[in-house]
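Structure first, then comments.
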Number of protein chains: 2
Amino acid sequence: MDYRSEDILPYISTDSIIFGLDNGKLKVLLIKRAIEPSAGSWALPGGFVLNQEDLDMSARRTLQNMTGMTNMFMEQVYTFGQVNRFPGRRVVTVTYYSLINYTLENLKAGPDASAIHWFDIAEVPELVFDHRHILDTTLNFLRAKVRTEPIGFELLPQKFTLTELQGLYEAVLGTVFDTRNFRKKILKMNLLMPLDETQVGVAHRAARLYSFNKETYLKLKDKGFTFEL
Amino acid sequence: MDYRSEDILPYISTDSIIFGLDNGKLKVLLIKRAIEPSAGSWALPGGFVLNQEDLDMSARRTLQNMTGMTNMFMEQVYTFGQVNRFPGRRVVTVTYYSLINYTLENLKAGPDASAIHWFDIAEVPELVFDHRHILDTTLNFLRAKVRTEPIGFELLPQKFTLTELQGLYEAVLGTVFDTRNFRKKILKMNLLMPLDETQVGVAHRAARLYSFNKETYLKLKDKGFTFEL
DNA sequence: GCAAAAGTGTTCTTCGTACACCCATGC
DNA sequence: GCATGGGTGTACGAAGAACACTTTTGC
């Protein structure tokens, strides 16, 4: 995790907005900076891009170092390059967001951070630089995207109940759906495989589990189908 | 237009995809490179970002130098940063697109270009580096955007006919609309002001002119209205 | 008067929305 | 047996899609 200065692109960083879902709440992963400028403040995880590294790889590396995960869902959002967005020098940052299956285990803060923490999206502390603006922009981007592409599933375990799915959309979009209409709509798309399994260990009627069928989605998409919620 | 090397960010450029509408055809403005690498090839207009210049300003400067226009509609699309996208050195490029009211007058190629030309979107020549990929990505972006935000008007003169408007959407989206349904839908939004003017100099019944009412749109948008075509 | 584009309504189908009760399970 | 969430259908209204003819103007 230590790089020689001749190995990095001095003007370009990537920052990542990592979303997770905990108990029907949308969460975002933040780090506490251990290095100047603004050591001790909360910030989005990120870092400088290496000379021999694609932008996407840079963002993936950040997330991989913290979570150990590879092959996670990740997309570029926007590039912020105001002259004075970063104190003391010019840094343009390319931002990515990621949707991961929320776990508290195995989070590593990394050498540049003294702490790492999941924050409820409604309780994010003050952030360094323009990171609050970046977060807001990304959240709007996510809200638009989640309604027109079936990416929400990335936040859930592979097997999930329809109630969990509805809760995910309610958390991300900040709205409430009618249960009957929501089920009707999502099931009519034929993207969900009903499994011969139900929840276990719940103190009420156990819900049927479903899984998202990505192959079917890709086939339907080719034929002109668009996911829309 | 000549900058000292200490005034530029050596790793970051902006490229612009400039769209215009000519006679119901979507066009894109390209330059012929006058400098190495790949002098003599067609390319997207662009250039390095200055040290004391926001990314948006860099893209605007490019367009301003070519057209003399200021305050044109312009939006960031995506940032391309593959290690080997540019020959010989690492350059990350932030791409913008612009929609302008098509004119052939006053186009200046600038010092880095030996020619400048509007190409029909279906007849774009071979482009340098990854510019073909950038153009394709931007075209997809535009197609998605134009259906959910009233940006298409930027391609038309201030006063236009409904037939011109329909032709614009058909050119951008590559589809055909039913005239009656198109008019019904667009007029019901109440975003168009019918003017007491009609076309002149046409060899058939003169069409009524309309203009887009941006203030009304912004008010409606605040109340939750979304443009959708 | 004819060529060329402007302008206009109705029907049918599809989709969105509103709404309330019984079911299965764990404790 | 009761508390908790799971699961289901129908009726109404709104919006989208299909479709053809008359009007105006320049030449």
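Just so we're on the same page: letters track the sequence lines, and every chain starts at 1. Side chains included, hydrogens not; waters and symmetry mates left out as well; all remaining heavy atoms used. Treat the numbers as computed from the prediction; the structure is a model and nothing was measured.
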Which side-chain N or O atoms in residues 215-226 of chain A pair as donor and acceptor under 3.5 Å with protein atoms at least two apart or in another chain?
unit_1, atom_1, unit_2, atom_2, d
A/T216, OG1, A/N213, OD1, 3.2
A/T216, OG1, A/N213, ND2, 3.0

Listing request: all salt bridge (charged side-chain N to carboxylate O under 4.0 Å, His left out) pairs with a residue in residues 128-143 of chain A, at least two apart in sequence or in separate chains.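 Every salt bridge (charged side-chain N to carboxylate O under 4.0 Å, His left out) pair that includes a residue of residues 128-143 of chain A, provided the two are not neighbours, is A/R85-A/D130, A/R132-A/D136.
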Does anything in residues 113-129 of chain B form a salt bridge (charged side-chain N to carboxylate O under 4.0 Å, His left out)? List the pairs, not counting sequence neighbours. none
Just checking B/R183: base, sugar-phosphate only, or nothing, at a heavy-atom cut-off of under 4.0 Å?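 Contact class for B/R183: base.
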Would you classify A/T163 as touching base, sugar-phosphate or nothing, given that sugar-phosphate means primed atoms plus P, OP1 and OP2, and contacts are heavy atoms under 4.0 Å? sugar-phosphate
The salt bridge (charged side-chain N to carboxylate O under 4.0 Å, His left out) partners of B/K159 (sequence neighbours excluded) come to B/E197
Partners meeting salt bridge (charged side-chain N to carboxylate O under 4.0 Å, His left out) with A/R208 (sequence neighbours left out): A/D196
Under 4.0 Å protein heavy-atom contacts per nucleotide of nucleotides 19-27 of chain C, with B for base, S for backbone only and - for none: BB--BBBS-
Considering the options A/E75, A/M72, A/R60, which one meets the side chain to side chain contact (heavy atoms under 4.5 Å, CB included) requirement together with A/S98? A/M72
Taking five pairs at each end, how big is the angle between the two axes of the helix from C/dG1-D/dC27 to C/dC27-D/dG1, to 10°?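 Computed from the C1' atoms at both ends, the axes differ by 0°.
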So, using side-chain contact (heavy atoms from CB on, under 4.5 Å) as the criterion, who are the partners of [X] when residues are at least two apart?
X	result
A/Q158	none
A/N101	A/P157
A/R183	A/L162, A/T163, A/T179

Covered region of DNA chain D, 5' end to 3' end, by chain B [heavy atoms, under 4.0 Å]: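 Using the under 4.0 Å cut-off, the span is D/dG16 to D/dG26.
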Scan the side chains in residues 22-31 of chain B for donor-acceptor partners under 3.5 Å anywhere in the protein, sequence neighbours excluded, and list what turns up.
unit_1, atom_1, unit_2, atom_2, d
B/D22, OD2, B/Y102, OH, 3.4

Please check if the side chain of B/H131 supplies one atom and the backbone of B/L44 the other of a donor-acceptor pair under 3.5 Å. yes
Roughly how many Å is it from [atom1] in [X] to [atom2] in [N], rounded to a whole number?
X	N	atom1	atom2	result
B/I186	C/dT8	CD1	C1'	17 Å
B/Y210	C/dA6	OH	P	12 Å
B/Q199	C/dA6	CD	P	6 Å
B/Q166	C/dA5	CD	C1'	12 Å
A/E228	C/dG16	CD	C1'	12 Å

